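See structure below.
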Protein chains: 2
Amino acid sequence: MAKSVTILDVAARAGVSKSAASLALRGTGYVSEARRRAVLEAAEELGYRPNAAARAMGSARSGIVGLILDDLRNPWYVPAVEGLSDGLHAAGLSPLLGDWRLEGAALAERCLELRVEGLVLVGTLDGAEELLPPLGPLPVVQVGAARAQVPGAAVVTNDDAEGARRVVRHLTGLGHTRIAHLADPGTSVGDARRAGFEEEARRAGLDAVTVPAGRTEEAGRLAALGVLRSEPRPTAVFAVNDMAALGALSAAEELGLRVPEDLSLAGYDDTPAARLRAVGLTSVDNASREAGRVAAALLAEMIAGHGRPPGGAGPGAAATLLNPELKVRTSTAPPPAVVRRARPAQAG
Amino acid sequence: MAKSVTILDVAARAGVSKSAASLALRGTGYVSEARRRAVLEAAEELGYRPNAAARAMGSARSGIVGLILDDLRNPWYVPAVEGLSDGLHAAGLSPLLGDWRLEGAALAERCLELRVEGLVLVGTLDGAEELLPPLGPLPVVQVGAARAQVPGAAVVTNDDAEGARRVVRHLTGLGHTRIAHLADPGTSVGDARRAGFEEEARRAGLDAVTVPAGRTEEAGRLAALGVLRSEPRPTAVFAVNDMAALGALSAAEELGLRVPEDLSLAGYDDTPAARLRAVGLTSVDNASREAGRVAAALLAEMIAGHGRPPGGAGPGAAATLLNPELKVRTSTAPPPAVVRRARPAQAG
DNA sequence: ATGAAAGCGCTAACAA
DNA sequence: TTGTTAGCGCTTTCAT
């Protein structure tokens, strides 16, 4: 066992005391320039590598934060995690990764044992309110969830309602007046997007319908099949996400409708599939990478400051909404100049 | 500052010594049943939570492993990381996440400071050979790379050559004899897939061509445009990945070729886009989640055993190849029963 | 500006 | 079986 080199060895080599070496190494406190140099040099020569565990013991600062993901499979998280990783690194913090679905509360437990300096929750964690152990005043920021699941946690998320409004504005700008929304009710993103859709539709006095669908291609296809067969048929469909929109695309093909000549189509998330040239789906880019970075910065600030305000249950915790960006592609165009059909006998 | 409860508090409450409490808590060594029970109960009542840093100091075991990703954005890694996370958790290890591109060698440094028990490298890390600090006998496993970048590291990866062979066998089984491969030369996966393609093509005595393309849709489109205009035109195209295959799909459309009637198309990676019903791209599923899990198990074993054999430079390190699975969809079909065109005057 | 010394919370070798 | 006693490597008062 090669004894690893400790700060003691460095101090000895530099001819100073242990504490002087400690101070010099971290650049804290008062050390004469000469000694500092000597220490640094000695450390270099010896290949000294501080022991994080020991440092954590002494200083009560681990330099670690917990990164708890709702579900790694959700592609939305990837850029968010990337931004997070970036932002945390910039703040000198290292993320300990875990999957909530897989590891559940044991993960949180482990984070507490490691004395993490903060926690990042990504997505909405099923049952987190009950399952999470008491966190005390530990700083927590939650990314990509509609509301905080931990009292006092800061929330950073994309403004899904605004993204939906932008889609509607884009479509009305093209001249559409009958727009259908394929929704994913019951999920926080789904509901936010629907709310934005309906709000803007109302404001514009549109003939708008919302139909429940889901997040998968098949769900989008079935719902679209229904709505595209109804009278009067909408001239545009805005789906809750790209997958559902692509399902709607299949439905349009099945019904012999051309996109965008007969039907405009928009999705959400700006996935790679939307960007395919054969698809060219107008979509909304979440900028979730930015969300991750902002969240990291926020957490670092909370850590540097005084932790989470013990305020508790109030909904007053900071919520940061990030603006999404509309990506206009070839799937949206002005509506066909349809001859208005004779009104179906409605009141007769 | 609420002093946190230590093992001393637990011991006192249970009326035993510090070490008895320690042993009881971990279930190691000899403790009478009565005392063990008392300790566990006391810990429970006090809400005792062991301090990982302190434990690490005493036992020289941190319970942490470094998880260094080449690039989080690469979608291939997501399932791999998931499997890794799962497998590590099963082994009682927690992954510390980092992005090689973003943080580079500083990340490895940080891992060493934390005294991680092992390292997982995901993907091929640019310049890792020079940039990584000396790792000593630290167990390392590398996932998804063609070869180990650290001497003696275990390698777990998908068998890309085998996947390519399976695609070729599928196509020849359908009756194709002229197949083009859109390659991504210079990358380890690209080269492995090309090698598998060429090997199987040779074995089957095919009329095969390999053209350099790339991993993007546009690269695939351009390369396909070229190869589909050549004479004799191939009846099937196998692209290095789904994106390139989808580019080839665009190219086919541009040239008025129907898929699969006039042209069969296959990709690799089984991405969500390939699964779209409007696309139905035959592809290869890497099972990289499994790769992650296997890698985690392997690392746990190395940690439990005697670390990485100091053997060093030899290529003898274990390499585990995982079999991919062919996903046949609607983009591949028997070749058109073409009338053989008059040979273009070649030797004239 | 510098050094001595007292922990931090836990494990492990030892003695009883 | 159980309790005592050293450390582990670093930070941080507190004197000097």
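Numbers restart at 1 for each chain; the letters A, B, ... are given by sequence-line order, proteins then strands. These numbers were taken from a predicted model, which means no experiment stands behind them.
The nearest whole Å value for the distance from the CD atom in B/E113 to the P atom in D/dC8 is 20 Å. Nucleotide C/dG9 holds its C1' atom 19 Å from the CZ atom of A/R61, rounded to whole Å. Going from atom CZ of B/R49 over to atom C1' of C/dC10 covers 17 Å, rounded to whole Å. At whole-Å resolution of the value, CG in B/N51 and C1' in D/dG9 are 14 Å apart. Atom P of nucleotide C/dT11 and atom CZ of B/R115 are separated by 18 Å, given to the nearest angstrom. The distance between atom CD1 of A/I7 and atom P of C/dT2, rounded to the nearest whole Å, is 15 Å. Between B/D9 atom CG and C/dG9 atom P there is a gap of 9 Å when expressed in whole angstrom units. Taking atom OH of residue A/Y30 and atom C1' of nucleotide D/dC14, one finds them 16 Å apart after rounding to whole Å.
The side chain of A/R35 contributes an N or O atom lying less than 4.0 Å from OP1 or OP2 of C/dG3. Residue B/Y48 places at least one side-chain N or O under 4.0 Å from the OP1 or OP2 atom of C/dC10. OP1 and OP2 of C/dG9 both lie 4.0 Å or more from every side-chain N or O belonging to B/T6.
Between A/R55 and B/A54, the residue anchored closer to the 5' end of DNA chain D is B/A54, taking for each the nucleotide with the nearest heavy atom.
For A/M57, taking side-chain heavy atoms from C-beta onward, the closest of the listed nucleotides C/dC10, D/dG9, D/dG3 is D/dG9. For A/S32, taking side-chain heavy atoms from C-beta onward, the closest of the listed nucleotides D/dG9, C/dG3, C/dA1 is C/dA1.
Scanning both residues, A/A20 and A/V31, for their nearest heavy atoms gives O-CG2, 4.3 Å.
Side chain to side chain, A/S94 and B/R110 meet the donor-acceptor criterion of an N or O pair below 3.5 Å. Of the N and O atoms on the side chains of B/D126 and B/W100, not one donor lies less than 3.5 Å from an acceptor on the other residue. Remark: the A/Q142 side chain and the A/T157 side chain contain no N/O donor-acceptor pair separated by less than 3.5 Å.
Other residues, nucleotides and ligands place more than 12 heavy atoms under 6.0 Å from the CD atom of B/E130. The number of heavy-atom neighbours closer than 6.0 Å to CZ of B/R26, taken from other residues, nucleotides and ligands shown, is above 12.
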If you restrict it to nitrogen or oxygen atoms, what contacts under 3.5 Å exist between nucleotides 12-16 of chain C and the protein, and what is each distance?
unit_1 : atom_1 : unit_2 : atom_2 : d
C/dA12 : OP2    : B/R26  : NH1    : 3.3

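Without hydrogens or angle criteria, A/Q149 side chain to A/L125 main chain gives a donor-acceptor distance under 3.5 Å.
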